[in-house]
Amino acid sequence: MAMHSWQRLGAKWLAGLIPLAEAGVHPDDCKVTASLAITDAPLPPLLVLPIRQHIGQACAPIVDAGDTVLRGQKIAKSQGYVSTSIHAPTSGRVVKIEEHAIVHPSGIGMLSIFIEPDGEDRWLEKLPAMADYAQRDPAEIREQIRSCGIAGLGGALFPTFIKLVRDPNHRIETLILNGIECEPWLTCDHRLMVEDAPRIVAGLKILRYLVQAERCVVAIEDNKPDAAAAMREALKQAGCADVEVRLLPTIYPQGSEKQLIETITGRQVPAGKLPLHIGALCENVATTAAIADAVLEGKPLIERVVTLSGDAMPKPANLRVRIGTPVDYLLRQQGLEDLHGVEVMQGGPMMGERLRHLDAPITKGSNGILAMRQQAREPESPCIRCGHCVQVCPVGLMPNELASHCRNDRFEESEAFNLFDCIECGACSYVCPAHIPLVHYFRYGKGQVAAIRRANAFAELSRQRSEAREQRIQREREEKAARRRARSAAKPAPSPVPPKAEQP
Amino acid sequence: MSSPHIHSGSSSVTMMLQVMLALLPATLVAVWLFGWLALLQISTCMAAAIGFEWLLLRVMKRSLAPLFDGSAALTGLFLALVLPAAAPWWVALVGALAAISLGKQLYGGLGYNPFNPALAARVILLVSFPLQMTTWLLPLPIAGGADLTDLTTAATIFFNGIAATGQPFDAVTMATPLGYVKTALHSGIPVPQSLASYHYSALAALVGNEGGSMGETSALALLLGGVYLLRRRVISWHIPLAFLATVAVMAAVSHLLNPDRFASATFHLLAGGLMLCAFFMATDPVTSPVAPRGQLLFGIGCGVLTWVIRNFGSYPEGAMFAVVLMNCVVPLLDRHFRPPVYGHRS
Ligand code: SF4
Ligand code: SF4
């Protein structure tokens with residue numbers, strides 16, 4: 001029976017009254033750059049490459065000041081397992097290697113390699129292309145992805161190759177391409193899907209070959225129908241008819257990895273486990289495109305799409321930017337000179353990081369640079385227990401309780417209230433009518449607990465050491481006594497006076 | 001300060017204003033029913049609540065910031081709406097003082113009070129001044145009552161009591177449907193007959209044209225306000241729906257089993273302070289559970305208690321007692337009915 005439009009309207013209205021289980025928030029999406037094609041940002045006069053642009057161990061520089069480098073040349077080598085290399089974004093000369101500002105909440109710096117471009121942009125001979133990857137050993141392809149420096153470009157920056165290890169105990173059943181991009185303002189993934197869908201699909205096929213997933217889903221928020229259409233078309237062209245393109249409701253944080261996995265597979269990643277443990281793999285679309293470049297062309301990760309936007313950005317744009325380009329250079333390119341009363345951040349407004357130093361460089365994780373008019377923060381008022389934070393938390397936490405525990409240094413309670421399950425999405429702070437900076441308290445609490453854990457671990461280590469020492473002394477004493485007994489037992493007639501030598 | 005860098009724009013003050021706006025229909029109905037007297041009560045209660053808040057904050061040497069959060073004004077409005085129109089001026093003052101001091105500041109101010117201040121004040125008033133709190137003026141649209149469109153008459157009642165108008169007491173007052181039915185039952189009159197002799201009409205109960213507190217009688221006006229609050233996401237649906245549905249189900253089933261003893265679901269839904277309690281009092285954020293499952297249980301508990309007190313208690317109306325009683329178990333509900341945490345389901 002067909003529903004009349006007024007019936008549908010009525011149903012929608014009622015659903016608005018009684019929203020069942022709706023976690024998440026609906027900030028204005030402000031995607032003013034959604035229809036702007038990606039353009040190339042010019043090469044800056046100086047590139048700055050921090051030696052750690054991923055989660056895990058920092059790289060070790062393998063060039064020296066004065067060296068000339070070529071585009072795509074490895075300049076810092078990964079150290080340890082959870083690490084991935086860094087490459088020269090263009091040809092030029094290494095001018096120095098020293099500490100430089102990066103985007104970090106504490107404002108600390110990091111050892112960085114400074115490259116002065118020579119303007120020729122000459123490629124190093126690229127790594128061998130693996131167009132025939134389907135005939136190759138997966139380990140070989142993984143190694144290629146690793147040495148091309150691919151890390152999660154959605155912002156998580158986890159070295160990608162690690163997620164692609166085939167584990168005999170955990171088969172990947174579902175491969176999810178994350179094209180959600182639920183942060184307001186950001187459109188870099190959106191544009192990439194619209195303009196470069198075939199490249200993403202090529203990456204998808206490589207991923208699929210690597211993990212042998214049965215089900216593949218491309219997840220896109222329903223505010224990007226053009227991206228979905230482009231992906232569908234590219235999938236059809238590539239003969240991947242069985243890959244599903246799922247349009248999901250626009251709600252923040254729809255694109256958060258664990259939440260997205262639950263939406264698609266209906267299963268939750270158990271606490272302390274990885275998506276792999278429930279047979280899921282989730283990759284960002286930009287990362288997937290970078291994988292295609294690495295495997296099919298041997299091209300390392302030296303550039304990425306960055307959305308430059310915000311209400312104080314004179315010329316918003318989607319730019320293809322070389323890694324290492326200083327943020328202030330980009331801002332000037334987009335016509336932003338006067339920074340008075342302007343706040344610049346990296347990432348979206350919900351989870352992004354405010355820049356303390358504008359000369360910090362674009363790194364692999366920079367999906368957006370937003371210039372926002374500074375707004376006075378409303379002062380914090382007492383919690384009125386409205387429960388709005390509880391309703392919107394995608395994890396199911398009670399942010400009101402949690403924040404009060406963290407603020408009062410009740411760390412055991414805050415752990416009992418699952419502090420460490422908080423993904424810091426900011427939905428709770430966003431809605432709190434009392435303007436309590438909830439996420440701020442969670443970060444504080446996490447930092448304190450981590451410090452306590454470290455201190456406890458140290459104390460435990462010292463305790464174990466001193467215990468071991470005491471045990472050793474005790475053991476030695478006992479051994480000595482045993483020896484003495486053995487000796488005296490061996491003597492036919494024990495003398496009543498203990499031998500002098502036994503005296504300590 | 002760390003992320004997020006944007007905010008929804010909601011604030012505690014806005015929420016208070018939204019609740020006041022949601023009470024506008026009920027307030028207008030109160031003015032329609034009780035004319036000048038309603039305006040006198042409302043302005044007295046609101047001014048008194050704000051005044052006492054100021055006084056207490058000064059005396060306790062606390063910051064005066066809470067004066068501007070709108071909560072005292074809201075408490076005053078709430079209080080006026082739950083008073084009988086004929087309540088004398090000093091009842092309004094005592095009520096305002098009780099609400100602000102015993103209901104709120106005693107616990108450390110907004111956010112720490114276990115009961116809704118206005119509701120707490122009403123319970124205190126009802127127990128302390130049962131006569132004044134259960135004398136219901138005949139509303140204006142019912143002919144024959146005091147002429148409340150006349151400011152002098154209204155002021156006379158407000159300051160000197162009903163007797164000062166010179167009109168016979170019985171001519172200007174009437175019982176609430178709940179009270180009438182209960183008294184009748186005590187003298188053995190079955191519900192259908194007492195409703196007939198009360199000239200009960202569901203329509204009158206819907207618009208509020210019957211005996212009762214000033215802002216409580218119009219189920220329709222309150223429903224309107226409740227829907228507004230739901231739409232604006234000031235409150236969530238869990239408490240009001242659970243509350244009303246529980247009362248409806250219990251009333252319907254008991255009515256089916258014994259119509260002579262138990263009134264119908266419609267009667268109960270439209271009667272007394274149920275709508276006000278379900279949409280405004282039980283949903284008071286400070287005094288209700290924060291998590292959805294706790295809210296559902298809270299609503300169900302309110303519903304059960306309301307129905308039980310109405311039918312078996314000594315007071316004819318049970319909704320506010322139900323809410324106050326359930327407020328006592330909120331910490332328990334909060335502790336034991338947390339939302340399921342992602343990834344911790346076994
Ligand atoms: S949203 Fe803010 S005011 Fe409301 S319960 Fe949470 S912390 Fe308290
Ligand atoms: S508590 Fe953590 S996970 Fe939950 S809404 Fe707040 S920031 Fe997001």
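Lettering follows sequence order; numbering is per chain, from 1.
- Using a 4.5 Å cut-off between heavy atoms, B:Thr283 makes no contact with chain A at all.
- Here the shortest heavy-atom pairing between B:Val330 and A:Arg385 reads CG1-NH2, 3.3 Å.
- A:Asn400 and B:Val290 get closest at one heavy-atom pair: ND2-CG1, 3.6 Å.
- Heavy atoms of B:Pro292 lying under 4.5 Å from chain A belong exclusively to its side chain.
- Residues B:Ser11 and A:His435 approach most closely at CB-NE2, 3.8 Å, considering heavy atoms.
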Pair A:Glu378, B:Ser12 - check side-chain contact (heavy atoms from CB on, under 4.5 Å), show working. CA-CA 11 Å; A:Glu378 293 269 340; B:Ser12 307; over 6 Å; no
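- One finds the CG atom of B:Leu110 at 9.5 Å from the SG atom of A:Cys383 (value rounded to the nearest 0.5 Å).
- Between chain A and the options B:Gln295, B:Met15, B:Arg338, heavy-atom pairs under 4.5 Å are most frequent for B:Arg338.
- When heavy atoms are compared at a cutoff of 4.5 Å, B:Val13 does not approach chain A at all.
- When side chains are defined from C-beta on, A:Val269 counts as touching B:Tyr342, because their heavy atoms get closer than 4.5 Å.
- At distances below 3.5 Å, not a single donor-acceptor pair connects side-chain atoms of B:His5 with backbone N or O atoms of A:Glu343.
- Scanning both residues, A:Val439 and B:Pro4, for their nearest heavy atoms gives CG2-CD, 4.1 Å.
- Annotation: side chain of A:Val431 is not in contact with side chain of B:His7 (no heavy-atom distance under 4.5 Å).
- Within the 4.5 Å cutoff, side-chain heavy atoms of B:Ser236 are placed close to those of A:Gln391.
- Atoms OG and OH, on B:Ser10 and A:Tyr430 in that order, are 9.0 Å from each other to the nearest 0.5 Å.
- For a residue to count as touching a neighbouring chain, one of its non-hydrogen atoms must lie under 4.5 Å from one of that chain's; by this rule B:Asp334 touches chain A with backbone and side chain alike.
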